[in-house]
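First the structure, in the form of structure tokens, and then the observations on it.
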Amino acid sequence: MDPVERAIELRAEIAHHNAAYHTNDAPEIPDAEYDALVRELAALEEAHPELAVEDSPTQQVGGPVSELFAPVEHSVRMMSLDNVFSAEELAGWAGRIDRGLDLGEGSAPVSYVAELKIDGVACSLRYEDGHLVQAATRGNGRVGEDITANVRGIASIPQTLSSSAPPVLEVRGEVYLPIATFNALNEAQEAAGEPRYVNPRNTAAGSLRQKDPAKTASRGLAFWSYQLGQVEGGPELTSHSEALDWLGELGFPVNPERRVVDGINEVSALSDSWLERRHEFDYDIDGAVVKVNSLARQRSLGSTAKAPRWAIAIKFPPEERTTTLLDIQVSIGRTGKATPFAVLEPVFVGGSTVQMATLHNDDQVRLKDVRPGDTVTVRKAGDVIPEVLGPVLSKRDPASTAWEFPSDCPVCSVPLVRPEDEAHTFCVNPACPAQQQARIEYFASRGAMDIDGLGDKMVQRLIEEGLISDIGDIYSIDWERVGAMDRVGETTVTNLQNAIEVTKTRPLASLLVALGVRHLGPSAAELLAKSFGHMDRIASATAEEIAAIDGVGPKIASVVAEYFRSDVAIELTEKFRAAGLNFEGPEVVDIPQTLEGKAVVVTGGLEGFSRTGAADAIKARGGKSPGSVSKKTFAVVLGNEPGASKVTKAEELGIPMIDEAAFVALLDSGEL
Ligand code: IVH
């Protein structure tokens, strides 16, 4: 295409996305794709300088200022940052810094501050005489929007500063929504049948620009400060790192990950380590920001129309991309839950190629109105399963129609059921092959019984061969028939046999998790195993008894109690018992009361117990350990050099006298 035409097209497209992102808080395309458009335009303008115009989006910050809020003129411009996408580009930038500072070969490496690039909404806070007087968005960099009333509801932003605050202080930073808060918000949305929020950044932007400040306050936004704006008075600062430390002293939240580093290679290594730890933080980051530390050097480097030359953003690989939605299908999980999922044109996002992504449930598909054939935005953040965020409406085929949730189970054809007050739809046929397969896969999975070699494919084959149909069958597989299966060698059979054998000694909590009872996860399973100490006691416990355990909620309690009353569970438990699976919990907190009401006197030293240890062991089993023998004494334990008077008394009264070995047996059984 003609470069002039392409430049015009790109400018229009970028202007459209600027408005969507900055003004309407409703971006249509992921940041990575926006960045690509800007880069294409910048490359065109560089190759054809005659195309460069002053009002090109490559020369501007942000988007049009909305009319929702009063305009605020920034006393010091709020600039954007230029980006690099690789270590090579970063090195190129550092070379320009060296040249800009006239540093020749052999000069000391430049000192930088490396910070996290928080993926939120830029905000400028103005304090006069220590009081917050104004908060503004970045807007177009010169004029932003007055969001003071809303910002007053953000807990981590101080309203007043200590007496050491200067007469005028502007602090810039990022308003963000903590991920835990975002997830909780989405759970509530889903439960209420409302659309899920797309990502923490958009939600933060939408929450910050509410007309009602109470709404903003209720969202749980937070703030990281990373830059000074206008400052009048205050200490003489010579470096950016000093400025950040000072902000911290004044009571502003400053991200603790910041580091002063010498030389760009170290910056690169730090940025790589942040990329690796990206999901350890309770906020989204989309890169690292590198700033020349010396403020004098910053001044000498200056800025372009849009961004400072002394700072650069190292952008991380995107976690959101667009692709084509090829189809919507429904999968049936181990509890029968029918989850719609997207079949996608494969796309590389969040570090791997994604071809399937969840759509959560019926309501969410309807609310998002994604349709097969749509271009959709896909998000994959860390280990979280990929998700379809929504359609790119401007690319929709006008002839497309809304997708309908199927009425019957796609696997067993039994009608699907959506219980009242439930956001999810279920296949209620326990014999549904999809459920059976999912239950067996789950039983064998890492967090459960961890059976090496019993992966999805093997499970499917064993089911197809009629060798297993539920998790109880795993321990009575006909191995001869497995050996006779196509492409199954002797080693495979032996390995699988061994892998199944070792599961018999797995902790009770793993077995409980492996049962796949709805809501019963590893932490509740651990609590059950510890508190009840045995599978049979869990199986016979009432919901009230289960709910009495600290940390187990009534919902899990009733589901677990109900599960163990079912015929399926009773039959399975017997199969597992017969197979010899471990039903014992860990060290039983609740020690059997073998000595209830019995007085046991210990005299003389014992090998395996201290004096108080022996008494504790007796008391822990409900017994008493008095200091003298009476006719009520159940037994006298004789250790090394027993007390003569006690021995005589026991003899007189005919009280049994036992040695240490018999004492140990007594503790265990309560009998002599
Ligand atoms: S410094 C003049 N530091 O990224 C320098 N910005 O893509 C101004 N951001 O507009 C920015 N974390 O909203 C700076 N540690 C950080 C940042 C950061 C996130 C945002 C900020 C900026 C945008 C540029």
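Values in this document were obtained by computation on a predicted structure and should not be read as measured data. As the structure lists them, so they are numbered: ligands from 1, and atoms in each ligand from 1. This chain uses plain numbering: 1 for the first residue, then up along the sequence.
- Counting heavy atoms closer than 4.0 Å to ligand 1, residue V289 contributes side-chain atoms (C-beta onward) but none from N, CA, C or O.
- In this structure, R138 is part of the shell of residues with a heavy atom less than 4.0 angstrom from ligand 1.
- For N83, no heavy-atom contact with ligand 1 is shorter than 4.0 Å.
- Ranking protein heavy atoms by distance to atom 18 (C) of ligand 1, first place goes to Y226 CZ, 3.3 Å.
- At a 4.0 Å heavy-atom cut-off, ligand 1 touches E115 through the side chain alone.
- A heavy-atom separation below 4.0 Å is found between P308 and ligand 1.
- In this structure, E170 pairs ionically with R172, as a charged nitrogen and a carboxylate oxygen lie closer than 4.0 Å.
- A salt bridge does not link D363 to K368: none of the charged side-chain nitrogens sits closer than 4.0 Å to a carboxylate oxygen.
- Ionic pairing of E145 and K211 is not present here: no N-O contact between side-chain nitrogen and carboxylate oxygen is shorter than 4.0 angstrom.
- Of the listed options L244, I118, I285, I118 places a heavy atom closest to atom 12 (N) of ligand 1.
- Listed by number with element, the atoms of ligand 1 under 4.0 Å from a non-hydrogen atom of L116 are 12 (N), 15 (N), 16 (C).
- Nearest non-hydrogen protein atom to atom 23 (C) of ligand 1 is K117 NZ, 3.8 Å.
- E115 and K117 are not joined by a salt bridge, as no carboxylate oxygen comes within less than 4.0 angstrom of a charged side-chain nitrogen.
- Without hydrogens or angle criteria, S107 side chain to L103 main chain gives no donor-acceptor distance under 3.5 Å.
- Heavy-atom separations between M78 and ligand 1 are all 4.0 Å or longer.
- The distance from ligand 1 to the heavy atoms of A122 drops below 4.0 Å at these ligand atoms: 13 (O).
- Contact annotation for K291 and ligand 1: only side-chain heavy atoms (C-beta onward) come within less than 4.0 Å of the ligand.
- Salt-bridge annotation for E40 and R6: present, with a side-chain N of the basic residue lying under 4.0 Å from a carboxylate O of the acidic one.
- Centroid-to-centroid, the aromatic rings of W224 and Y283 come within less than 6.0 Å.
- Evaluated by nearest non-hydrogen atom to atom 20 (C) of ligand 1, the leading choice among Q227, E174, H240 is E174.
- For V121, the heavy-atom gap to ligand 1 stays at 4.0 angstrom or more.
- Electrostatic pairing of R39 and D35 does not count as a salt bridge here, judged by no charged N lying under 4.0 Å from a carboxylate O.
- Residue, atom and distance of the protein heavy atom nearest to atom 5 (C) of ligand 1 are L81 CD2, 3.9 Å.
- Annotation: cation-pi pair R201/Y21 present, NZ/CZ under 6.0 Å from the ring centroid and within 45° of its normal.
- The protein heavy atom nearest to atom 8 (C) of ligand 1 is M79 O, 3.9 Å.
- Look at R196 and E387 and you find a salt bridge, because one of the NZ, NE, NH1 or NH2 atoms lies within 4.0 Å of a carboxylate O, short of that distance.
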